[in-house]
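These notes concern the structure reproduced below.
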Amino acid sequence: MARYSFDPFAYVTPPELLGAAGTDAPVIIIGAGPIGLAAAVDLATRGVASVILDDNNVVSVGSRAICWAKRTLEIFDRLGIADRMLAKGVTWKVGRVYRGDQEIYSFDLLPEDGHKFPAFINLQQYYVEQYLIERCADFPDLIDLRFKNKVVDVAQQDGHVTVRIETPDGIYQLHGQYLLSCDGASSQVRRQFGLEFDGRHFEERFLIADVEMEADFPSERWFWFTPNFHPGQSALLHKQPDNIYRIDLQLGPDANIEEEKKPENVIPRIEKIVGGRPFTLDWISIYSFNCRRIERFVHERVIFVGDSAHVVSPFGARGGNGGIHDVDNLCWKLAAIIRGEASVELLQSYDEERVHGADENIRNSSWTSRFMSPDGAVDMAFRNAVLGLAVDHPFARRLVNAGRLSLPCSQEASSLPSADVDLFDVPMRSGIACLDAPVMSAAGRDWLLRQLGDGFTLLIIGNALPQADREFSDDLVVIRVGAGGFADCEGKVEARYGRGVYLIRPDQHVAARWKDPDVEQVRAALRQTQKLILA
Amino acid sequence: MSLNIDFNMGADGDDLFNGLLAAHEGLSPSQSEQMNAALILLLMNHIGDAAVIRDAFDRARSTLDR
Ligand SMILES: Cc1cc2nc3c(=O)[nH]c(=O)nc-3n(C[C@H](O)[C@H](O)[C@H](O)COP(=O)(O)OP(=O)(O)OC[C@H]3O[C@@H](n4cnc5c(N)ncnc54)[C@H](O)[C@@H]3O)c2cc1C
């Protein structure tokens, strides 16, 4: 299998340095990591132009984020790269947890079918970035991607932002209406703004390695507490495409980074895990982690997205996934503001909803960290008690915490309306992301989420609101399942949503729902939403 | 439901209390700590009521202030 080649992207002298007029893209994005690239594509699908500035000219070296969650894949589907990700990635849903050599617990992350996307795929971050960069090229008039353009200063005056950029050909400036700071965990913009990155640092050191080998390990996540091959610590093995395996080894808080990184120390550890199979080392890194966030993500016209706003430990795969959820939440709002369809107040809901989401991710990842590297004798005693009980006591398996993998956050903290007008006895709730389900039309079998509009959608299941098309199709996408619309070919739409009417946001979250509303009720909800959005 | 702070062990109070001590006999302090941790988790799960359990955390902790 050919290894990933990390071909550099071409640097092009910015037109501004050749005497041309500056770009007038309304949005400047700093950072061509997964988050900045996804934001540019999302904005472009809404007709909003951006320029992306990145100090580098290759994709992420090292696999970094490998686990992409179902909800993230649904967002990437909207952005147009999920089919490629699915084709290339390793699909998995089963995780096994061992203590020593004994399996104490296993989980199945997606026990039900009828979803386009699996619970998780594993795919190296460099592939995701490559697919996004190639997708950007589908929008030549809307996305201006500039490599080897390092932002050295950011300023905002009333009504616009200015960035100073260093290139191999010299320094220039760009102006825009909004700036997205997608410049990663050590964000220079965050520093320049003097924003406190508040939270906790964990002393524990981990060795992370990508090894290439021919092996018949199943596509599962294997996690060991105190494995025999690595006494007293923890270990993780996870399969990626191209016969690459991610190995994570806990090293303890006192590990000497330079010593541990030496191949003569790394290789024997890995040999023990892979049981003597031949392998080559692709990438290694030693890290400790932080769970932190800035207090607010929106600072007038400068908006923090992804790792620049929040960081977590990698064990719940919440870093990369959480950042994509930020993008999903932000871009329709920003596009509506830039198109003059919404007031800037709408940005506050990005702040509220994603600060809430970041806290959920930080909480989960902190709990995992504390379980994996107990701090002191008491934490250790309870951790070991859970592991010891888990062998024979089903309840304790639920307390074993080897990573609580990324799930979509609810938006209960939001000031945007979200209401369950009637009681439903189904898995869908107001404020959460819509669940997928198969649907059928004359064109064949398809998926519910793919039918939702770029703007607001009215989803009607069954016979409610017979006049909806006539009444609402000027303002909304109206979709009907049953009663002459899409067929609910496996009954899963009704099982997941019940019969009724759902008002759905552009980011596929439920704003309101009713069992059998009249036109006025729906109009009132729309007006309420629009009052906030079109203030 | 709230945490029952009245006596609730029937005729077996002294027997159960001594049984608890007996269960720890011969253990080192760290083994006792380990056993207590398992015991607490077993009972916590049996009770299963978050408000009752949190109330017990608070009451146990506040005994240190006496
Ligand atoms: C070892 C490791 C393992 C990880 N494992 C996982 C995992 O399994 N699952 C998961 O979900 N997440 C994981 N993560 C986290 C994940 O990689 C990040 O959450 C994700 O990369 C965040 O994306 P981002 O676009 O916000 O930032 P980044 O990917 O860091 O991108 C920031 C970009 O901004 C550019 N930049 C920075 N400063 C400037 C500047 N001044 N001017 C111009 N450009 C600039 C950088 O060159 C970079 O391209 C891991 C991270 C590490 C380090």
Side-chain angles (χ1 to χ4, degrees), chain A residues 97-100 102-107 223-228 231-234 250 252-253 359-360 363-364 366-404 407 410 412 429, chain B:
Chain A
V97 179
Y98 299 85
R99 184 194 200 190
Q102 185 179 20
E103 181 180 325
I104 52 174
Y105 174 54
S106 70
F107 52 81
F223 191 96
W224 292 265
F225 290 100
T226 62
N228 296 351
Q233 306 287 359
S234 65
Q250 187 179 14
D359 281 344
E360 206 166 298
R363 195 162 53 243
N364 275 287
S366 303
W367 284 337
T368 300
S369 308
R370 193 161 180 183
F371 194 89
M372 282 177 36
S373 45
D375 188 9
V378 173
D379 282 26
M380 183 62 94
F382 279 109
R383 200 284 292 268
N384 288 343
V386 168
L387 293 176
L389 287 167
V391 178
D392 297 320
H393 301 78
F395 87 86
R397 291 169 204 157
R398 291 280 297 271
L399 301 177
V400 172
N401 193 338
R404 298 283 184 244
L407 288 170
S410 85
E412 47 210 357
R429 285 180 290 122
Chain B
M1 208 174 62
S2 59
L3 183 72
N4 187 354
I5 57 168
D6 293 321
F7 186 70
N8 190 36
M9 293 185 250
D12 298 325
D14 292 339
D15 195 16
L16 283 175
F17 183 76
N18 280 284
L20 175 64
L21 301 186
H24 279 278
E25 271 167 25
L27 300 184
S28 70
S30 79
Q31 286 174 316
S32 269
E33 186 172 48
Q34 196 66 64
M35 177 181 137
N36 277 337
L39 186 61
I40 289 166
L41 291 168
L42 283 162
L43 297 177
M44 230 166 86
N45 180 63
H46 185 80
I47 294 164
D49 181 315
V52 168
I53 293 167
R54 292 202 179 99
D55 190 18
F57 294 161
D58 293 342
R59 287 171 184 277
R61 175 123 191 175
S62 68
T63 61
L64 303 179
D65 308 332
R66 302 268 150 74

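Naming convention: chains lettered A, B, ... in sequence-line order (proteins, then strands); numbering from 1 in each chain.
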Taking all non-hydrogen atoms of both residues, which atom of [X] and which atom of [Y] are closest, and how far apart?
X: Glu33(B); Y: Ala381(A); answer: CG-CB, 3.9 Å
X: Leu42(B); Y: Phe395(A); answer: CD2-CE2, 3.7 Å
X: Ala38(B); Y: Leu389(A); answer: O-CD1, 3.8 Å

Is it true that, when you exclude [X] itself, more than 12 heavy atoms of the residues, nucleotides or ligands shown sit nearer than 6.0 Å to its [atom1]?
X: Arg397(A); atom1: CZ; value: yes
X: Asp14(B); atom1: CG; value: no
X: Arg363(A); atom1: CZ; value: yes
X: Asp49(B); atom1: CG; value: yes

Check whether Ala377(A) gets within reach of chain B through its side chain, its backbone, both or neither, counting any heavy atom under 4.5 Å.
both

To the nearest 0.5 Å, tell me how far Leu399(A) CG sits from Asn45(B) CG.
7.5 Å

Pick one of side chain, backbone, both or neither for Ile40(B), based on which atoms fall under 4.5 Å of a heavy atom in chain A.
side chain

